[in-house]
Every structure is written in structure tokens, then in C-alpha cells.
Amino acid sequence: MTRMLIIGPPGAGKGTQAARISDRLGVTAISTGDIFRANVKNQTPLGLEAKKYIDAGNFVPDSVTNDMVRARLLEDDVAEGFLLDGYPRTAAQVEELDDILASKGQKLDVVLQLTADDEELVQRLLKRAEIEGRADDNEDVIRHRLDLYKAQTADVVASYDSRGIVARVDGLGGIDDVTERVMEVLKDIS
């Protein structure tokens, strides 16, 4: 059974690697973005609440995010493990996730941190923006997102580092190469 979190800066390949890890380990990959979209699409009470903030261009409050994650982690498909992508993002959310898991007699096994050089990420994201036609993803916006990521996740990483469960993997290079590095690190942990 594996309960894990994948974190890394924008453009590090978290979504791609999460899908590959999920396939290889047979655990459910859970993206908070997917949770938000499903709740909004299905017009759940939490989805309607989140939509107010999203439509206004604001962050969804922790209380709403926490409730969505809690509900998702109670579903049957995560009984044998999961891989969370995009949560927790704050120290308060780390505490909430600990509480959610403790209520089920569980804890996180590993936090996989994809690392990457900022300049490489900027170039990668600019290329992706060009390919996908994201006119709003210019260099200034990308650098701001990278700075926000660092500011938001410093406490999260420090918290899990103090528990000795952070495994760092170089997120640069070919997709297959990164996947093999990830699987090698995970093999050593399990």
C-alpha cells in the first residue's frame, strides 16, 4: 500500500509522472485540479462554493479545498493507496491531511519532490504556452508562478523533510528517464 504526494514547480512534469507512477504502482492519482473540476461540473455544494472564488480569480479557501480532499480520500478507489498532486500547498493543509489520514489510521509514506532548474522551467513553460496558445503565459507570469510555488511550498517541504519522508528526483530530461529515476527512488523506499 502506498500513500504518496508528488510536488514540484510548474513545468516539472508532475502530472505526467503522476500518471506513470499510478500505472506502475496501481494506485489512484488524485489531482486537486481534477477534484475542483469534478465538483464544479457536478455542481456539488463544494463545487458551487469553489466556483465563486475561481470565477473571481481568487484562490479557493483552505476550508473548501480540505473538504473536497477529505471527501475524495474517503472513496473506495484509494483504499489501497493514492498519489496526491497539488495538495497540500500550505502548512495548514499539511495538518489537515495528517488529520484526514489519521482518522483512517493512515499516514503518508513518501513525498516525491521533482526538482528542476528555474531557467529550464521558464523555457519549457514558454514552449508549452506557444504550443498550446496560452497567450497569458509570458515570461513574467511564469517567473511569478515559480516564485509563488517556492514561497508556498517551503513550509510544506520542511514539514515533510523533518519526518524524513521526502525523496528528491531530478525532473529534467526525457520523460522516460525521469520516470526511471522516480521508480528507482520509490523502490528504495518501499
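The shown structure was predicted, so the numbers you read here are calculated from the model rather than taken from an experiment.
Heavy-atom neighbours of Lys104 NZ from other residues, nucleotides or ligands within 6.0 Å: above the threshold of 12. Within a 6.0 Å radius of CZ in Arg20, more than 12 heavy atoms belonging to other residues, nucleotides or ligands are found. Residue-environment remark: CG (Asp55) exceeds the threshold of 12 foreign heavy atoms within 6.0 Å.
Within the 4.5 Å cutoff, side-chain heavy atoms of Leu126 are placed close to those of Gln123. Under the 4.5 Å side-chain criterion, counting only non-hydrogen atoms from C-beta, Glu80 is not in contact with Val27. Within the 4.5 Å cutoff, the side chain of Arg163 has heavy atoms near those of the Ser159 side chain. The closest side-chain heavy-atom distance from Leu25 to Met183 is below 4.5 Å.
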Check your understanding: Hey, mind stepping through Gln152 and Thr90 against side chain to side chain donor-acceptor pair (under 3.5 Å) and telling me if it holds?
Key -> CA-CA 6 Å; Gln152 286 181 338; Thr90 65; over 6 Å; no

Exercise. Please step through side chain to side chain contact (heavy atoms under 4.5 Å, CB included) for the pair Leu84 and Ile6, ending with a clear verdict.
Key: CA-CA 6 Å; Leu84 271 174; Ile6 188 168; over 6 Å; no

_Evaluate Leu186 against Val110 for side chain to side chain contact (heavy atoms under 4.5 Å, CB included), listing each step before the verdict._
CA-CA 8 Å; Leu186 293 178; Val110 63; 4.0 Å; yes

| said: Between Met4 and Leu112, does the side chain to side chain contact (heavy atoms under 4.5 Å, CB included) criterion hold? Intermediate values first, please. | reply: CA-CA 7 Å; Met4 63 189 301; Leu112 180 65; 4.1 Å; yes

task = Step by step, work out the side chain to side chain contact (heavy atoms under 4.5 Å, CB included) result for Ile175 and Val178.
result = CA-CA 5 Å; Ile175 293 171; Val178 175; 6.0 Å; no

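From Thr2, atom OG1 reaches atom CG of Leu83 across 9.5 Å, with rounding to the nearest 0.5 Å. Atom CG in Asp98 sits 11.0 Å away from atom OG in Ser103 (nearest 0.5 Å). Asn39 CG to Ile35 CD1: the interatomic distance, rounded to the nearest 0.5 Å, is 7.5 Å. How far CG of Asp155 is from CG of Asp161: 12.0 Å, rounded to the nearest 0.5 Å. Rounding to the nearest 0.5 Å gives a distance of 9.5 Å between OH of Tyr87 and CZ of Phe36. In this structure, CD in Gln93 is found 5.5 Å from CG in Asn66, a value given to the nearest 0.5 Å.
The shortest non-hydrogen separation linking Arg37 to Ser31 is NH2-OG, 4.4 Å. Met68 approaches Leu46 most closely through the heavy-atom pair CE-O, 3.3 Å. For the residue pair Pro9 and Leu121, the shortest heavy atom distance occurs at CG-CD1, 3.4 Å. Taking both residues in full, the closest heavy atoms of Tyr149 and Pro10 are given as CB-CD, 3.8 Å, listed atom of the first, atom of the second, then distance. Considering all non-hydrogen atoms of both residues, Tyr160 and Pro88 come closest at OH-CG, 3.5 Å. Leu114 and Ala12 make their closest contact through CD1-O, 3.6 Å (heavy atoms, listed as atom of the first residue, atom of the second, distance).
If you chain together hydrophobic residues whose side chains sit under 4.5 Å apart, Val69 and Val156 fall into the same group. Residues Val64 and Leu73 fall within the same hydrophobic cluster, defined by Ile, Leu, Val, Met, Phe, Trp and Tyr side chains chained together at heavy-atom separations under 4.5 Å. Tracing side-chain contacts under 4.5 Å through hydrophobic residues (I, L, V, M, F, W, Y), one reaches Ile21 starting from Val185; they form part of the same cluster. Under the 4.5 Å side-chain heavy-atom criterion for ILVMFWY residues, a single connected hydrophobic cluster contains both Leu101 and Ile30. Leu97 and Val166 end up in the same hydrophobic cluster when Ile, Leu, Val, Met, Phe, Trp and Tyr side chains are linked at under 4.5 Å.
A donor-acceptor pair under 3.5 Å is absent between the side-chain atoms of Arg3 and the main chain of Asp109, judged by distance alone. Not one N or O on the side chain of Ser22 forms a donor-acceptor pair closer than 3.5 Å with the backbone of Ala18. Judged by distance alone, with hydrogens and angles left aside, the side-chain atoms of Thr44 form a donor-acceptor pair with the main-chain N or O of Gly47 at under 3.5 Å. Within the 3.5 Å criterion, the main-chain N or O of Phe82 finds no donor-acceptor partner in the side chain of Thr28. Distance alone, capped at 3.5 Å, places no donor-acceptor pair between the Lys51 side chain and the Val40 backbone. Checked by atom type and distance alone, the side chain of Thr32 pairs as donor or acceptor with a backbone atom of Gly86 at under 3.5 Å.
Arg168 and Thr115 share no donor-acceptor pair across their side chains, judged by distance under 3.5 Å alone.
Here Asp118 does not pair with Arg143 in a salt bridge; the nearest charged N to carboxylate O distance is not below 4.0 Å. Between Glu180 and Arg24, at least one side-chain N (NZ, or NE/NH1/NH2) sits under 4.0 Å from a carboxylate O, which counts as a salt bridge. With salt bridges taken as basic N to acidic carboxylate O contacts below 4.0 Å, one links Arg72 and Glu75. For Glu184 and Arg181, the salt-bridge test fails: no basic side-chain N is under 4.0 Å from an acidic carboxylate O. A salt bridge does not link Asp67 with Arg70: none of the charged nitrogens is closer than 4.0 Å to a carboxylate oxygen.
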